[in-house]
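Written below as structure tokens is the structure these notes are about.
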Amino acid sequence: MENRKEEKVTLLPRRLFLRLAALALAAVLALGLTACDSSGGHIVKPSTGSSQPFEMHFIDVGQALSVLVECDGQFMLYDGGNVDDGSLVVSYLQKQGVEQLQYVFCSHAHEDHVGGLAAVMAKFPAGHAYSPVTESSTKCFNDFVKYTQQQGLQLEVPSVGTVWPLGSATVTMLGPVTQYSETNNTSLVLRIDYGNTSFLLTGDMENTAEADLVNSGANLKADVLQVGHHGSSTSTGYLFLNAVLPEMGIISCGAGNKYGHPHEETLSILRDAKVDVYRTDLQGTITIGSDGQNFTVGTERFVPDSQLNPTDPSSSSTAQQAYIGNVNSKKFHLPTCANLPAKKNQILFSSYDEAIAAGYTPCASCIK
């Protein structure tokens, strides 16, 4: 856990009524009504810096996902990023002391999740490899299958309700609970419990599969949620978030990605539900350690909370500060933006609201 900023997170009782009220209010907002902003969260104390017996690493693989889980010296990997991320993931696992993987999970067959797994399977022996499908038309998926078979393993499709031990933690397969034609909805949904702490990995599961999962009666309440589909508005609906009620939401996405992830709608829902947001695009690799009761959170870079979820009313994106507009594109930027217009095309605004009132729209790269 070198070169990381760390903090200790002490979980409080869940305050269910407050959170349910916040989500109910957020649902009203979604219907177009207006309400006051609210904020909340867990208590943060200085970290002791000690390693924990359980760690979950959200590896910074840009606009992709790769999660390493360690408990009592045993390891599992959930996704491997894009093909080009393979060497990065292998290097990261080596630095964490991984020599073999108990389980390798491909959440679903899209490249930004399966792409790097071929490199992982070529380097590390695995006990089992799982995926929602055993065949796909893409080379990256077929390479994953190839290197899995070279180990003498067959790619397995796990069943809902399957439970795997990982050290003293347990991993439970919750979804998908039915068949889907949309690949994102086929994402393997895993619940991981260690002591009194819990984690939920959702891949790119979208609203339809979320609703089906909630209606299945699965135990979804978890302290830490991997926010689905890189923070896209197609995932993390009110119904699902109401069932999970997480303390923390981890978003794996790439800086300045072309999809605009994470979407403002998702960030607003997380804010209204009092979920503390962590993001790989801003903070780099995020490591969450647990002693079974409390968490330590380590990040590669420190970022103020107001930047992690700029829908927050205290966000710097609406603060009184200078912005530079482009008279040609009608976009406005932070003074530090790499895409500032030439001097002759610049116009200065003293606030976010002034720029909006003048008919300008915020730059997607520098104003999140």
Side-chain angles (χ1 to χ4, degrees), residues 1 9 11 50-59 61 65-81 89-90 92-108 113-114 116-117 120-121 123-132 144 148 151 153-176 187-203 205 218-226 244 246-248 250 252 285-298:
M1 298 173 69
V9 179
L11 294 182
S50 59
S51 61
Q52 299 286 4
F54 177 98
E55 287 191 339
M56 181 173 285
H57 307 249
F58 292 84
I59 305 170
V61 287
L65 180 67
S66 185
V67 185
L68 175 68
V69 184
E70 175 186 5
C71 186
D72 302 328
Q74 294 189 348
F75 298 89
M76 63 167 265
L77 186 68
Y78 183 87
D79 289 345
V89 174
V90 166
Y92 188 87
L93 267 57
Q94 290 174 324
K95 289 178 181 177
Q96 299 307 313
V98 176
E99 295 181 353
Q100 63 179 10
L101 294 160
Q102 300 298 118
Y103 318 107
V104 173
F105 291 92
C106 164
S107 69
H108 64 294
H113 295 258
V114 69
L117 291 181
V120 169
M121 296 302 288
K123 183 66 178 180
F124 300 99
H128 296 270
Y130 299 100
S131 171
F144 170 47
T148 297
Q151 289 199 30
L153 301 175
Q154 291 298 317
L155 194 56
E156 304 173 59
V157 178
S159 300
V160 170
T162 302
V163 177
W164 301 270
L166 186 72
S168 53
T170 58
V171 182
T172 306
M173 168 89 165
L174 299 184
S187 295
L188 300 181
V189 180
L190 302 182
R191 175 189 178 87
I192 304 176
D193 291 279
Y194 178 71
N196 292 325
T197 58
S198 50
F199 306 76
L200 199 61
L201 299 176
T202 67
M205 178 175 61
N219 179 15
L220 296 174
K221 284 188 171 57
D223 301 308
V224 179
L225 170 67
Q226 175 250 311
V244 181
E247 298 278 350
M248 290 181 275
I250 315 299
S252 181
T285 294
I286 299 164
T287 302
I288 301 176
S290 170
D291 62 4
Q293 297 292 331
N294 302 310
F295 296 107
T296 57
V297 181

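Residue numbers run from 1 in the order of the sequence given. Keep in mind the model is a prediction, meaning the values are calculated, not measured.
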In the structure I gave you, are the side-chain heavy atoms of L101 and L93 within less than 4.5 Å of one another anywhere?
yes

Could you tell me which non-hydrogen atom of S107 sits nearest to which non-hydrogen atom of Y78, and how far apart they are?
CB-OH, 3.3 Å

About how many Å separate CD of E70 and CD of Q102, when rounded to the nearest 0.5 Å?
11.5 Å

When every non-hydrogen atom of L117 is compared with those of G80, the smallest separation belongs to CD2-N, 3.6 Å

When you measure from the side chain of Q226 to the backbone of G203, do you find a donor-acceptor pair of N or O atoms at a distance under 3.5 Å?
yes

L201 side chain near L65 side chain, heavy-atom distance below 4.5 Å:
no

NE2-OG distance between H113 and S131, expressed to the nearest 0.5 angstrom:
12.0 Å

Applying side chain to side chain donor-acceptor pair (under 3.5 Å) to S187 and not counting sequence neighbours gives H108

Do any side-chain atoms of residues 163-175 form donor-acceptor pairs under 3.5 angstrom with protein atoms, and if so which ones, sequence neighbours left out?
unit_1: W164; atom_1: NE1; unit_2: Y130; atom_2: OH; d: 2.9
unit_1: S168; atom_1: OG; unit_2: D72; atom_2: OD2; d: 2.6

Where do N219 and R191 come nearest, in terms of heavy atoms and distance?
O-NH1, 3.2 Å

From D223 CG over to F295 CZ, what is the distance, rounded to the nearest 0.5 angstrom?
4.0 Å

Do you know the tightest heavy-atom contact between T148 and A129?
CG2-CB, 3.9 Å

Please list, chain by chain and in numerical order, all residues satisfying side chain to side chain contact (heavy atoms under 4.5 Å, CB included) with E99, sequence neighbours excluded.
none

Any chance you could measure N196, atom CG, to D291, atom CG, to the nearest 0.5 Å?
10.0 Å

So, taking the atom named SG in C106 and the one named CG in L155, what distance separates them when rounded to the nearest 0.5 Å?
7.5 Å

Looking at every non-hydrogen atom in both residues, tell me the closest pair between M121 and Q151 and how far apart they are.
O-NE2, 2.8 Å

For the residue pair F144 and V120, establish whether any side-chain heavy-atom pair is separated by less than 4.5 Å.
no

Please check this pair: side chain of E55 against backbone of T287, looking for a donor-acceptor N/O pair closer than 3.5 Å.
no

Contact between L188 and P158 at the side-chain level, heavy atoms closer than 4.5 Å - yes or no?
yes

Backbone N/O of I288 and side chain of Q52: donor-acceptor pair under 3.5 Å:
no

Output all residues satisfying side chain to side chain donor-acceptor pair (under 3.5 Å) with E156, sequence neighbours left out; order by chain, then residue number.
H128

The criterion is side chain to side chain donor-acceptor pair (under 3.5 Å); which residues satisfy it with S290, sequence neighbours excluded?
T197

Decide yes or no for V67 and F105: does some side-chain heavy atom of the first lie under 4.5 Å from some side-chain heavy atom of the second?
no

Answer yes or no: is there a side-chain heavy-atom contact under 4.5 Å between I286 and M248?
no

Heavy-atom closest contact (D193 atom, S198 atom, distance):
OD1-CB, 3.5 Å

Residues passing the ring pair (Phe, Tyr, Trp, His ring centres under 6.0 Å) test with F54, sequence neighbours excluded, are Y194, F199

